[in-house]
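So the structure is just underneath, and the comments pick up after that.
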Amino acid sequence: MAEQPSGNSGAQGNPALEEAGSSQLVSHEDYLAAVEAVLMVAEEPVSPAELATAVSLPQHQVQALLDELRAEADGVTENWPGDAPAGAPRQRGYELREVAGGWRYYSRARYAEQVSAFVLGGQTSRLSPAALETLAVIAYRQPVARSAVSAIRGVNVDGVVRTLVQRGLLDTAGTDPVTGATLYVTTAEFLERLGLDSIEDLPKLSPHLPGVEDLEDDASAV
Amino acid sequence: MAEQPSGNSGAQGNPALEEAGSSQLVSHEDYLAAVEAVLMVAEEPVSPAELATAVSLPQHQVQALLDELRAEADGVTENWPGDAPAGAPRQRGYELREVAGGWRYYSRARYAEQVSAFVLGGQTSRLSPAALETLAVIAYRQPVARSAVSAIRGVNVDGVVRTLVQRGLLDTAGTDPVTGATLYVTTAEFLERLGLDSIEDLPKLSPHLPGVEDLEDDASAV
Amino acid sequence: MVEPALAETADPAADQGHVALDDQGQEIRSGFTVSLDGFDGPFDLLLGLIAKRRMDVTKVALAEVTEEFIAYVRTLEAQRALDESSNFVFVAATLLDMKLVQLLPGSQVESEDDIAALEARDLLFARLLQYKAFKQIADQMGAAAAENAGRFARRPGAHPDMANLLPELVWNTTAEDLKALAERALARRQAEPDEVGLAHLHAAAVNVRAEMAAMTEQLRAAGRCSFTELVAGAESRLVVVVRFLGLLELFRDRSVEFDQQVPLGELLVTWSGQAGTSQDALDRAAAEWDEGEGDAAGKSTSGQESRDG
């Protein structure tokens with residue numbers, strides 16, 4: 001399979017059958033493998049645009065390849081045109097996840113016990129309630145100064161914020177033009193940590209805020 | 001380590017049919033996936049002995065699993081007893097390599113062009129100011145954990161440390177006996193670049209700066 | 001070694017969840033528990049009070065709690081005791097606020113004070129509810145993080161072939177450069193405390209008396225100036241603020257009159273004082289604002305009572 005150098009083919013979902021930008025890669029499997037190879041050396045989630053540049057394919061085709069790789073790792077059989085479904089593939093020890101605006105390989109949660117001994121670094125330490133509350137406020141109010149977070153949480157947050165910056169879950173983002181206070185934002189690592197693709201995926205804050213009636217209830221109850 | 005407890009194995013090459021040390025993993029595919037998971041995320045090559053401990057299997061069975069995973073990644077069909085060969089598997093974008101007594105997944109050489117296009121996309125021929133400062137701190141405080149450098153610089157240094165390791169200017173040197181954090185030291189190449197014979201030849205720091213003890217205290221307190 | 005779990009931890013205990021409270025020590029969150037129930041922090045305490053609707057805030061004997069607290073603080077080292085004490089004062093003040101509100105006759109809101117107290121109460125509830133919302137979100141985030149904790153990201157590590165891919169490193173750093181970089185990094189850490197530095201506020205001592213005298217001279221000569229004209233030569237924002245304060249002092253002394261046609265419009269200042277010197281005003285202003293070596297920020301409150309009289 002996989003000749004057709006001419007271009008404009010109709011084989012949707014099989015990027016290799018469309019025009020190949022690189023002279024080297026010819027087959028669909030080649031492209032799958034190339035994307036796989038790039039993901040293998042990435043330090044952080046890789047966006048489809050970056051992958052598209054690296055393997056010289058249009059982004060929508062890379063997207064299709066990513067979906068295929070993800071399904072394959074999960075042991076889900078899908079029928080790709082021109083690709084014989086080779087029985088039920090086994091579920092891999094890794095999964096390909098879409099997080100923080102990109103794609104990255106992760107070990108499968110099922111094997112956390114076997115893997116955890118080999119993973120060093122802060123990843124395994126749990127986030128304290130204080131850290132989570134601070135992250136929550138900053139996630140919704142970013143970019144935001146520490147003083148604003150303190151005002152909402154009612155405690156000094158300097159230490160927690162510094163720790164979170166060191167752990168890569170927060171980053172500084174310039175200063176407030178009026179007060180000169182350092183502003184903080186959440187990082188891609190924060191999104192990864194929660195398994196989110198973007199900050200938009202956080203739950204809405206409004207349902208947690210009571211309506212006026214509730215507020216009056218609460219007020220009269222005191 | 002991981003000597004075979006029972007000895008009387010029947011089904012050679014199919015570890016799952018032997019006594020399972022872990023209550024969690026049952027099938028052959030489970031064991032394959034667990035080894036795969038560890039190899040996928042461990043930062044350095046993992047020895048068969050370490051793998052054997054992690055998945056609670058005798059080492060020779062882990063060796064068989066490694067051979068199977070390597071063959072699978074290479075797209076080579078082998079007949080494993082009790083395992084139906086599911087057509088010709090595709091050759092992966094990664095390969096399982098044995099390096100310095102350990103095993104790890106690496107991107108396949110065939111896709112070097114795409115991989116280098118990706119890697120070079122973000123690389124420059126100069127070290128960033130952040131990288132240089134990190135290097136300076138590590139040079140004077142080695143062996144030192146990333147967290148301690150973070151504490152000094154006030155920012156997460158994971159990314160720059162990786163760059164410096166990639167550049168051969170830093171190397172890992174075991175782990176902290178207390179925290180288990182990886183320790184970093186400068187390399188011979190680093191000395192060579194500076195034209196120094198040994199670390200002792202680095203210019204002395206001003207005596208007014210906090211001593212090493214203070215630093216360690218502070219870093220652990222953060 | 002206060003919180004060893006926080007150093008970059010591959011701490012084995014982390015996996016078992018023993019260090020869930022690891023960041024705690026970084027906050028002023030109190031280890032003190034009021035004997036009413038196990039509370040842990042000012043807002044937590046207040047939320048707890050609200051949640052237990054049957055609990056009457058007015059019944060909380062602040063004196064007893066204070067006794068307990070003092071006993072507790074005696075067991076702490078100095079720095080920690082200071083932190084906890086300021087935290088406790090915050091809690092106690094808020095409690096007092098709530099008591100005050102509760103003791104007011106709720107049905108007959110008439111006086112300005114009543115309304116102000118109610119507004120304060122609403123504000124307090126708004127803050128509490130906002131915090132409650134974030135707390136719930138934080139719980140959800142914690143659950144998401146925990147669910148995700150079993151997955152570990154692939155880290156590429158060093159690739160045996162990759163070193164050749166990197167462009168040749170341009171290196172022109174000397175050992176002396178590195179020494180300078182290391183010293184700067186180490187020194188910076190000492191120089192940057194966690195607290196907001198106030199030193200810069202005191203850097204330029206601006207003298208109210210001198211500014212008032214200068215403006216008096218200018219106004220006497222011109223008869224009438226706009227505020228813009230009065231602060232035209234001000235070298236810093238602090239000088240502008242001080243001159244404004246000076247004008248207020250002169251206004252109190254009936255030496256000037258203000259005229260502003262529209263809100264935020266140009267402020268016109270007219271000299272209306274006698275030809276004689278307003279030495280009294282200068283002395284009084286200097287006593288209120290200039291004492292204590294340009295400590296302008298701290299004086300705004302201490303000057304309050306005397307001016308209201």
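Heavy atoms only, all atoms of each residue included: B:Arg108 and B:Arg92 are closest at NE-O, 2.6 Å.
For B:Leu169, the part lying under 4.5 angstrom from a heavy atom of chain C is the side chain only. Looking at C:Asn172, the atoms closer than 4.5 Å to chain B (heavy atoms on both sides) all sit in the side chain, from C-beta outward. Contacts between B:Tyr94 and chain C at a heavy-atom distance below 4.5 Å are absent for every atom of the residue. Both the backbone and the side chain of B:Arg193 have a heavy atom closer than 4.5 Å to some heavy atom of chain C. Using a 4.5 Å cut-off between heavy atoms, B:Glu133 contacts chain C through both its backbone and its side chain. For B:Leu191, no part sits under 4.5 Å from any heavy atom of chain C, backbone or side chain. Proximity to chain B is limited to the backbone of C:Thr174, based on heavy atoms less than 4.5 angstrom apart. Interface residue B:Ala42: only backbone heavy atoms are found under 4.5 Å from chain C.
For residues 194-203 of chain B, no residue pair satisfies the salt bridge (charged side-chain N to carboxylate O under 4.0 Å, His left out) rule, not counting sequence neighbours.
Under the side-chain contact (heavy atoms from CB on, under 4.5 Å) criterion, C:Asp139 pairs with no residue at all, not counting sequence neighbours.
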Evaluate the side-chain hydrogen bond (donor to acceptor under 3.5 Å, both in side chains) criterion for residues B:Thr134 and B:Arg153: first the C-alpha distance (whole Å), next the side-chain angles of each, then the deciding distance (0.1 Å), finally the verdict. CA-CA 8 Å; B:Thr134 302; B:Arg153 297 200 50 233; 2.8 Å; yes

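C:Arg154 places a side-chain N or O within 3.5 Å of a backbone atom of B:Met40 that can act as its donor or acceptor partner. Remark: the backbone N or O of B:Val155 is paired with a side-chain donor or acceptor of B:Ser150 at under 3.5 angstrom.
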